[in-house]
Amino acid sequence: MWIGIDDTDSSQGMCTTFLVPEIISSLNYDLIGYPRLVRLNPNIPWKTRGNAAIAFKIGEGKGKSKKIGEFRGRDILSFQYGEEIPTTDILDKIKKIVERYAILDDKKTAPGIVISKKKISESIYWKAVRSVVSLDFVMPYLKGLDFYGYKSKRGLIGAAAAIAWKPRIKTYELIAYLPEEKWLQERYVDVNSVIEMDSTVKTTFENYDYRNRHVAIKPETKTPVLFGIRGTDPDDLERARNIVKSDPYLGYIIFETNQGTDDHLVRKNISEIKPYDSVIVKGTVKTRPKTIIGGHLIFKIFDETGSIECAAYEKTKEFREIIKKLMPGDAVIVYGSIKKYPNTINIEKIKIESLADIYKKEIPRCPVCGKKMESAGKGKGYRCRKCGTFKSEPNYVKIERDISPGFYQVPIIARRHLSKPIEFFQVEYIQSSHLHF
Ligand code: ATP
């Protein structure tokens, strides 16, 4: 039986993922497979932070089991498969836990719980990760299921989409949680131990931004999460966890997730781009990038259907040094997302396919005596002072471009959860959807 939950948190605290170990340890049922942390459309304005929803399967565990976490002093086991259990009072039990933790007095928080014995149509996941979905669109898919939506019921959208995700490409995240009394306090994660973990456990990613000295595994906001370690091999995450030194924690659990998959991106022509889209656009640089107030860098690209502005915002730090070197005529593929007004792509990564030949004008030397010529007036060519020779055209000298074709991405400090790191384009990291026993 699948359980999907979303929208229990607010900017004042909580994190929906915390409910997974809390529910598993309270209900007397087994966890089947890994729980899922599913990121949805990163551009929708009503998200709290990273637009995450959760789904997990419970039942009577069968087959092999393995430890995928610890919580309140007990191991969390995951079973290879399971037998179905009756749904009778599960929704009520989950509602009680949601009501205990959800920030229901925040007007934006509208939790949703969905319980389903079957997978929900995968199309809901794709729509929710790539566009804006209405509750009216989702409701027919919930017919006959047990579900409960609080307030505006918006959380039902994410809860259904999380169950609907059918992982083909996936990564993992081990999340460690603080005890409740520490949720709103400063937390401690030792920087050097994170660097050691990053350099030792090679299947982890986005742990530390070396250039910007930013510990990416520790959340910026005050939430139950103490740290989250991302990786492509779930078995390595346990080893990584043991290297990280931090405040003591209540427990941890490993999720499978769609983070680092680029599932949000859709190839589009410029004229097809809509508000809240995330796109891959092939185009040609139209204007030289220029810096605007705030340190943001803006330039335009065009294709056969139109033109659009692209931005490398200040928070993308050294990525702007690359963007600054683009010139009109360069062929690029821009990967990025659009907010409400479809006039700017917020770049996540860029592939420079080819560089335009750029020439600069130079006053020519005299073809007869070799002396440097001088201008004969604007648009009137060049004259040699020594021997009187005339030349109508200047020399055109090809400029050496200080950039190479290839992929470039924003640094870890500005990385989106769903963005596939360019390192993944080179290595095979697709995991089978079964547990690694
Ligand atoms: P956190 O990352 O801290 O868990 P959050 O950023 O996930 O928080 P939520 O509080 O869950 O934010 O708010 C997102 C809300 O948007 C949820 O109610 C969810 O159901 C809804 N939602 C998610 N994706 C879409 C979508 N594509 N279209 C419409 N609504 C969506």
Side-chain angles (χ1 to χ4, degrees), residues 3-22 35-56 98 101-114 120-139 141-142 147-165 173 175 177-178 183-184 216 218-228 230 253 255 257-259 263-266 274-279 337-340 415-418:
I3 297 168
I5 306 175
D6 195 13
D7 209 342
T8 64
D9 47 7
S10 83
S11 46
Q12 305 145 43
M14 241 314 264
C15 170
T16 305
T17 69
F18 176 79
L19 294 176
V20 176
E22 188 63 49
R36 296 177 174 176
L37 160 53
V38 183
R39 300 280 177 183
L40 300 169
N41 188 340
N43 307 318
I44 56 161
W46 47 86
K47 66 175 187 171
T48 308
R49 283 180 292 266
N51 203 4
I54 53 150
F56 55 100
V98 167
Y101 290 105
I103 317 282
L104 282 164
D105 49 1
D106 185 307
K107 65 177 191 313
K108 279 174 69 188
T109 304
I113 307 164
V114 176
I120 297 175
S121 165
E122 197 186 351
S123 60
I124 296 190
Y125 164 69
W126 288 110
K127 256 184 117 61
V129 75
R130 293 181 164 177
S131 64
V132 179
V133 180
S134 68
L135 194 55
D136 287 347
F137 174 83
V138 171
M139 288 315 279
Y141 292 90
L142 302 185
F147 64 88
Y148 194 82
Y150 293 80
K151 294 154 73 181
S152 75
K153 305 182 174 27
R154 186 151 64 193
L156 290 173
I157 301 169
I163 297 181
W165 179 45
E173 179 162 347
I175 302 185
Y177 299 98
L178 287 163
W183 288 0
L184 299 180
K218 183 179 135 187
E220 299 279 86
T221 46
K222 295 187 176 142
T223 90
V225 176
L226 172 59
F227 60 77
R230 295 168 184 204
I253 188 165
F255 289 88
T257 118
N258 61 345
Q259 292 169 164
D263 270 4
H264 60 315
L265 297 174
V266 181
K274 295 199 305 293
Y276 310 121
D277 272 355
S278 297
V279 290
S337 46
I338 287 102
K339 288 274 157 60
K340 184 167 180 190
R415 200 79 51 82
R416 287 213 131 143
H417 300 293
L418 278 161

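For ligands, and for the atoms within them, numbers begin at 1 and follow the listed sequence. All values below come from the heavy atoms of this structure, side chains included, with hydrogens, waters and symmetry mates left out.
Atom 9 (P) of ligand 1 has as its closest protein heavy atom T48 OG1, 3.5 Å. Counting protein heavy atoms only, atom 29 (C) of ligand 1 is closest to V133 O, 3.1 Å. Ranking protein heavy atoms by distance to atom 14 (C) of ligand 1, first place goes to N51 OD1, 3.5 Å. The nearest heavy-atom contact from the protein to atom 8 (O) of ligand 1 is D9 OD2, 3.0 Å. Annotation: atom 7 (O) of ligand 1 to nearest protein heavy atom, A52 N, 2.6 Å. For atom 19 (C) of ligand 1, the closest non-hydrogen atom of the protein is D6 OD2, 3.0 Å. Distance from atom 2 (O) of ligand 1 to its nearest protein heavy atom, with residue and atom name: G50 N, 3.0 Å. Given atom 18 (O) of ligand 1, the protein heavy atom at minimum distance is D7 OD2, 2.6 Å.
Proximity to I44 (heavy-atom distance under 4.0 Å) selects the following atoms of ligand 1: 16 (O), 22 (N), 23 (C), 24 (N), 25 (C), 30 (N), 31 (C). Of all atoms in ligand 1, numbered sequentially from 1 with element shown, those under 4.0 Å from a heavy atom of N41 are 27 (N). Which parts of ligand 1 touch S131 is read off a 4.0 Å heavy-atom cut-off, strictly below it: atoms 26 (C), 27 (N), 28 (N).
Rounded to the nearest 0.5 Å, atoms CH2 (W46) and CG (N41) are 8.5 Å apart. Considering CZ of R39 and CG of N258, their distance stands at 8.0 Å, rounded to 0.5 Å. Separating the OG1 atom in T223 from the CZ atom in F18 is a distance of 10.0 Å, to the nearest 0.5 Å.
The proximity of T8 to ligand 1, defined as any non-hydrogen pair under 4.0 Å, does not occur for either the backbone or the side chain.
Side chain of W165 to main chain of E122: no donor-acceptor pair is present (N/O by atom type, distance under 3.5 Å, no hydrogens or angles).
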Self-check item: Pair D9-R49, salt bridge (charged side-chain N to carboxylate O under 4.0 Å, His left out): steps then yes or no
Solution: CA-CA 9 Å; D9 47 7; R49 283 180 292 266; 3.6 Å; yes
